[in-house]
Peer 1: 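If you scroll down you'll find the structure; I have some questions about it.
A note on names: the letters A, B, ... follow the listed sequences, proteins ahead of strands, and every chain is numbered from 1.
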Amino acid sequence: MNQEKILVTSALPYANGPIHFGHIAGAYLPADIFTRYKRMTGADIVYVSGTDEHGFAITIGAQAEGHSPQEHVDKYNKVISNIFKQFNISFDNFSRTSMPHHHKLAQQFFTQIRNNGYISKKTTDQLFCEKCNMFLADRYVYGTCPDCDAENARGDECGACGSWIDPLKLKQPHCKVCNATPTVKQTTHWFLELGKFSKDLTAWLDTKTDWKPNVKNFISKMIENGLEGRAITRDMDWGVKVPLSEAEAKRLYVWFDAPIGYVSATMEWAEKIGQPDKWKDYWYDKNTQLVHFIGKDNLPFHCVVWPAMIMGQDEDFILPSDVPANEFYNLEGKPFSKSSGWYVDIEDFFKTYNTDSIRYCIAAGAPETKDADFTWKDFQGRNNSELADILGNFINRFLKFSANYFENKVPEYCNPSNADTKTLESIKELSQTISQHYSHFHVRKAAFTIMELARVGNRYFDEKAPWKSRKTNIQDCACTINTCIQIGKALAIISYPIIPTTAQKIWDMLGLPDKIENNNWTEALQTPVATGHQLGNAEVLFAKIEDATIAKEEEKLHSMVAKDKADNAKEKTEKTNLITFDQFLSVKMQVGEVTQAEAVKKSKKLLKLQVNLGQKSIQIVSGIKESYQPQDIIGKKVIVVSNLKPAKLMGIESQGMLLAANDNNKLSLITVDNPEISTGSEVS
RNA sequence: GGUGGCAUAGCUCAGUUGGUUAGAGCGACGGAAUCAUAAUCCGUAGGUCCGGGGUUCGAGUCCCUGUGCCACUACCA
């Protein structure tokens with residue numbers, strides 16, 4: 001049989017913050033499980049990923065945290081790598097898109113695709129923020145919706161009326177970063193003409209008969225609806241330089257260079273293992289299966305843009321064989337969101353819980369067909385009643401039994417009963433079933449199958465009741481324990497892709513030599529543990545998680561949200577303190593000339609003024625006596641709020657108010673710049 | 001607004017091209033057992049398959065429609 005050759009990738013995490021369970025559940029754990037399984041079956045498999053380190057969001061994130069983009073991505077590359085280590089994700093190489101060879105390769109893609117006529121140049125108007133010195137992407141602009149006049153509409157879509165917005169038509173646009181008003185500027189960009197690939201993409205997609213239906217439907221529809229050119233350059237100074245002299249100030253759009261990271265990560269891997277050309281064995285070999293694990297949000301890029309890019313350049317690179325996209329994994333019903341306090345701190349998490357518990361929990365509830373949830377209760381349940389009670393306890397009960405009654409050696413298997421052979425048959429069946437699940441990325445079903453086998457073990461142990469046969473029929477008892485040991489070995493093997501550390505522990509407890517992953521899947525499953533083999537020492541595989549511990553976690557989560565809610569409420573009241581433009585317009589201000597002024601008797605602060613507004617004159621009582629004497633103020637042109645509801649001060653009616661700046665009770669009247677301006681002129 | 005998806009037991013989810021009486025795990029309840037991390041095993045209860053209409057001998061499954069939720073909507077990483 002030909003050896004399978006597989007290249008597995010996981011979506012490149014964006015180096016702008018830590019990743020969470022959602023990412024793990026969508027793109028990393030399923031890929032790791034698949035990879036570990038395939039490695040054991042003897043496949044020639046390489047698994048790569050790396051941080052995606054370019055784009056606007058990086059520069060903005062860096063600015064927000066007060067360091068350079070380079071420092072920013074260095075920091076998050078480390079943070080993210082560490083998280084993967086804790087989850088025991090077994091990359092062959094975890095790279096970064098800031099590597100020089102990546103830049104070179106991305107530029108090569110651009111140049112070749114352009115030379116082949118798939119990239120065009122267009123000049124368009126775009127909003128530009130002078131203060132931030134950058135063109136604003138749609139989502140970095142907000143303003144008033146031109147259709148429904150709702151405020152705080154995003155540059156691309158109005159949250160209130162749902163209509164699509166051309167950011168150039170947005171009323172009162174503001175830069176989301178600095179709040180300044182952007183100007184309209186012309187800019188030139190290069191567009192990847194995706195439409196030219198429609199036919200080839202459709203033909204390619206037609207060959208993918210075994211893809212997940214949700215993935216395939218989504219992409220076919222997208223192509224059917226017509227593909228438009230997509231800008232693949234940006235005005236910025238962080239990222240891969242556009243290899244054109246006329247585009248000095250431009251960088252490649254991060255989504256253009258990111259998937260190329262899969263190739264460059266493989267190149268780096270080859271370099272690291274001392275065979276710099278080895279990457280070509282995969283990328284140029286039509287027999288290599290290229291499998292991209294991603295979340296559903298990345299589908300358009302991996303199934304349309306990226307294949308089009310490969311088709312458009314000159315190298316004979318392979319196209320994706322499968323793109324098992326997962327849905328989203330939420331936290332207790334809502335998306336993970338660090339900014340709103342709705343998240344699980346991963347560092348804290350691993351101080352209390354172990355890697356395999358969470359790997360199993362995520363696998364068993366993976367978002368394969370629809371969005372799924374992580375809940376603390378579910379986590380506790382998976383750990384306690386499945387891993388500890390069903391799996392852990394089964395291993396423990398037969399090992400203790402062997403230690404107590406068979407000198408910790410594998411007892412003899414002879415004169416098997418129906419129950420014994422049937423059980424051995426079950427091992428075979430279930431391990432074949434789980435192979436299917438692993439091959440087809442059905443992580444959820446695979447997790448279930450592990451428990452199924454452990455259940456078979458428990459049932460069998462109960463049915464055979466070796467604690468009884470030990471006294472009545474020692475041969476039958478030996479046979480039972482032997483069979484349990486075979487189940488234990490099978491459990492170690494089939495659970496390895498999901499819970500590798502535990503699988504190794506079981507392996508060691510069975511006294512089996514070598515690392516479990518160095519064994520061949522099929523061979524190891526077919527080889528029973530020999531009679532007389534010395535077993536290792538039993539130890540507890542999974543500790544129970546107490547109710548109180550989980551209650552604490554839930555409380556912590558909800559208190560973070562409560563705090564966030566309070567913050568939001570505060571922000572909201574601050575927002576309601578803001579007045580709308582219309583409210584502002586309702587204040588009528590005019591230029592008035594002070595014609596008379598006299599002190600109000602018995603008052604320290606008040607002056608009584610007559611102010612000429614052109615058409616009419618009004619009386620204003622104003623508290624400026626400490627700063628202005630009556631004779632100083634006569635003849636001055638000042639700004640007056642003329643539609644104020646009249647009020648009586650010290651018994652004297654005041655029909656408006658003067659505007660003055662107040663600095664520590666020192667007042668300075670606001671006057672007009674040009675003294676010739678006619679009285680009564682409106683201020684706006 | 002457009003496109004796509006989802007809605008099944010208290011909870012989390014399976015249900016292949018339409019085909020007997022709609023399944024599993026957890027939780028609940030009852031029982032058995034004592035080798036084991038008080039773990040296990042057996043049994044019981046629980047569903048108008050989101051509402052309405054249609055096609056069909058037959059619909060959880062196909063079509064239409066209503067409602068609710070989710071994603072995408074392309075210079076958004």
Side-chain angles (χ1 to χ4, degrees), chain A residues 11-16 52-58 61 97 122 124 126 135-140 147 154-158 161-164 167 187 189-191 194 213-214 217-222 224-225 227-235 253-255 257-258 295-301 304-305 327-328 330 335 364-365 368-373 375 377-378 381-382 384-386 388-390 392-402 404-405 444-445 448 451-452 454-455 457-468 470 477 480-481 484 538-544:
Chain A
L12 305 184
Y14 201 51
N16 194 30
D52 176 9
E53 309 192 342
H54 301 134
F56 271 121
I58 294 280
T97 59
K122 259 184 259 173
T124 53
Q126 215 182 79
F135 283 93
L136 298 176
D138 291 358
R139 68 167 189 161
Y140 288 115
D147 291 344
R154 274 173 36 168
D156 47 358
E157 184 184 16
C158 171
C161 71
S163 64
W164 184 84
T187 181
H189 281 296
W190 281 261
F191 288 70
L194 289 172
N214 52 350
N217 290 345
F218 181 80
I219 296 302
S220 324
K221 272 284 176 229
M222 199 172 141
E224 250 171 62
N225 291 340
L227 298 170
E228 279 168 37
R230 194 183 167 105
I232 50 169
T233 56
R234 291 289 185 280
D235 291 289
Y253 174 42
V254 55
W255 258 117
D257 84 80
K296 64 177 166 184
D297 50 336
N298 284 347
L299 269 173
F301 298 98
V304 177
V305 182
E327 309 293 306
F328 288 153
N330 296 323
E368 284 168 358
T369 53
K370 54 180 153 186
D371 288 2
D373 274 321
T375 68
K377 283 248 160 63
D378 181 60
R382 297 277 185 204
N384 292 4
S385 44
E386 296 184 29
D389 294 349
I390 297 176
N393 179 54
F394 171 67
I395 301 286
N396 193 254
R397 70 195 296 206
F398 78 72
L399 277 176
K400 284 262 171 80
F401 200 98
S402 320
N404 290 341
Y405 305 113
R444 214 176 174 129
K445 285 180 179 165
F448 183 80
M451 276 317 132
E452 188 67 10
R455 255 185 264 274
N458 276 316
R459 221 171 288 155
Y460 169 74
F461 199 98
D462 274 14
E463 195 189 329
K464 294 291 302 274
W467 60 90
K468 279 183 190 158
R470 180 175 71 85
C477 177
T480 304
I481 297 306
C484 283
E539 55 173 295
V540 167
L541 288 172
F542 292 95
K544 298 284 188 77

Peer 1: Can you check the A:E327 CD to B:C69 C1' distance for me, whole Å?
Peer 2: 13 Å
Peer 1: When you measure from the side chain of A:H189 to the backbone N and O of A:T233, does any donor-acceptor pair fall under 3.5 Å?
Peer 2: yes
Peer 1: With rounding to the closest Å, how many angstrom separate the C1' atoms on B:C62 and B:G10?
Peer 2: 31 Å
Peer 1: Whole angstrom is fine here: how far is it from CD in A:E463 over to C1' in B:C41?
Peer 2: 10 Å
Peer 1: How long is the line joining CZ of A:F394 and C1' of B:A36, in whole Å?
Peer 2: 11 Å
Peer 1: At their closest point, which heavy atom of A:A15 faces which heavy atom of A:E53, and how far apart are they?
Peer 2: CB-CG, 4.1 Å
Peer 1: How long is the line joining CH2 of A:W190 and P of B:C75, in whole Å?
Peer 2: 18 Å
Peer 1: Measure the OG1-CZ distance between A:T480 and A:R470 for me, rounded to the nearest 0.5 Å.
Peer 2: 13.0 Å
Peer 1: Nearest 0.5 Å, please: how far is CD1 in A:I219 from CG in A:L299?
Peer 2: 5.0 Å
Peer 1: Using a heavy-atom cut-off of under 4.0 Å over every strand shown, decide if A:Y14 touches base, sugar-phosphate, or nothing.
Peer 2: base
Peer 1: Let's go through A:N458 and A:R397 carefully: what are the C-alpha distance in whole Å and the side-chain angles of both, what is the deciding distance for side chain to side chain contact (heavy atoms under 4.5 Å, CB included) to 0.1 Å, and is it a yes or a no?
Peer 2: CA-CA 9 Å; A:N458 276 316; A:R397 70 195 296 206; 2.9 Å; yes
Peer 1: Once you round to the nearest 0.5 Å, how far does CG of A:D52 lie from CD1 of A:I58?
Peer 2: 7.0 Å
Peer 1: Using only atom types and a distance under 3.5 Å, with no angle test, would you say the side chain of A:Y460 pairs donor to acceptor with the backbone of A:R455?
Peer 2: no
Peer 1: Quick one: what's the B/S/- string for nucleotides 22-34 of chain B, heavy-atom cutoff under 4.0 Å, read 5' to 3'?
Peer 2: --SSS------SS
Peer 1: For A:L227, report the nucleic acid contact type (base, sugar-phosphate, nothing); a contact means any heavy atom under 4.0 Å.
Peer 2: base
Peer 1: Take atom C1' in B:A45 and the same atom in B:U37, then report the distance between them in whole Å.
Peer 2: 30 Å
Peer 1: With rounding to the closest Å, how many angstrom separate the P atoms on B:G46 and B:C41?
Peer 2: 24 Å
Peer 1: Over how many whole Å does the gap from A:I219 atom CD1 to B:A74 atom P extend?
Peer 2: 15 Å
Peer 1: Please pick, from B:A71, B:U12, B:A74, the nucleotide with the shortest atom-to-atom distance to any side-chain atom of A:R444.
Peer 2: B:U12
Peer 1: Contact class for A:F542 vs. all strands (heavy atom < 4.0 Å): base, sugar-phosphate, or nothing?
Peer 2: base
Peer 1: When rounded to the nearest Å, what value does the distance between P atoms of B:A77 and B:G5 take?
Peer 2: 28 Å
Peer 1: Contact class for A:D378 vs. all strands (heavy atom < 4.0 Å): base, sugar-phosphate, or nothing?
Peer 2: nothing
Peer 1: Of all the nucleotides listed (B:A77, B:C35, B:U37), which has the minimum atom distance to the side chain of A:F56?
Peer 2: B:A77
Peer 1: Shortest non-hydrogen contact from A:F56 to A:Y14?
Peer 2: N-OH, 4.2 Å
Peer 1: Look up atom CD in A:E539 and atom CD1 in A:I395, then write down how far apart they are to the nearest 0.5 Å.
Peer 2: 12.0 Å
Peer 1: Using the P atom in both, what is the distance from B:G27 to B:U12, to the nearest Å?
Peer 2: 15 Å
Peer 1: Testing the basics here: between A:L12 and A:A258, what is the closest heavy-atom pair and its distance to 0.1 Å?
Peer 2: CD1-O, 3.0 Å
Peer 1: Within the structure shown, what part of the strands sits under 4.0 Å from A:A258 by heavy-atom distance: base, sugar-phosphate, or nothing?
Peer 2: nothing
Peer 1: Using modelled atom types only, decide if a donor and an acceptor are shared between the side chain of A:Q126 and the backbone of A:T187 within a distance under 3.5 Å.
Peer 2: no
Peer 1: Checking understanding here: a glycosidic angle within 90° of 0 is syn, the rest anti, so what is B:G54?
Peer 2: anti
Peer 1: Pick the closest RNA chain B nucleotide for A:N396 and for A:K445 by heavy atoms, then say which residue is nearer the 5' end.
Peer 2: A:K445
Peer 1: For A:F301, answer base if it contacts any base atom (sugar-phosphate contacts may also be present), sugar-phosphate if it contacts only those atoms, and nothing otherwise; contact means non-hydrogen atoms under 4.0 Å.
Peer 2: base
Peer 1: Rounded off to whole Å, could you give me the CZ-to-C1' distance for the A:F398 and B:C35 pair?
Peer 2: 12 Å
Peer 1: Which nucleotide wins on minimum distance to the side chain of A:N393, given the candidates B:U40, B:C70, B:C13?
Peer 2: B:U40
Peer 1: Nearest-Å distance, CG (A:D257) to C1' (B:C75)?
Peer 2: 15 Å
Peer 1: Report the nucleotide, chosen from B:A77, B:U12, B:C75, that has the shortest atom-to-atom distance to any side-chain atom of A:A231.
Peer 2: B:C75
Peer 1: For A:Q126 and B:C75, what is the distance between atoms CD and P respectively, to the nearest whole Å?
Peer 2: 10 Å
Peer 1: What distance, rounded to whole Å, do you find between the two P atoms, one in B:U48 and one in B:G60?
Peer 2: 13 Å
Peer 1: Using a 3.5 Å limit on both pairing distances, list the dot-bracket string of RNA chain B from the 5' end; Watson-Crick and G-U wobble pairs count, crossing pairs take [ ], interstrand pairs take |.
Peer 2: (((((((..((((.....[...)))).(((((.......))))).....(((((..]....))))))))))))....
Peer 1: Describe, in one word, how the ring planes of A:F401 and A:F461 are oriented to each other, choosing from parallel (under 30°), tilted (30 to 60°) and perpendicular (over 60°).
Peer 2: perpendicular
Peer 1: Name the nucleic acid region contacted by A:A372, choosing base, sugar-phosphate or nothing; use a 4.0 angstrom heavy-atom cut-off, strictly under.
Peer 2: sugar-phosphate
Peer 1: In whole angstrom, give me the gap between the P atoms of B:A24 and B:U44.
Peer 2: 10 Å
Peer 1: Pick base, sugar-phosphate or nothing for A:V540, based on heavy-atom distances below 4.0 Å to the nucleic acid.
Peer 2: base
Peer 1: Quick one: label A:L541 by what it contacts on the DNA or RNA (base, sugar-phosphate, nothing), any heavy atom closer than 4.0 Å.
Peer 2: base
Peer 1: If I pick the C1' atom on B:U56 and the same atom on B:G19, what distance separates them, to the nearest angstrom?
Peer 2: 12 Å
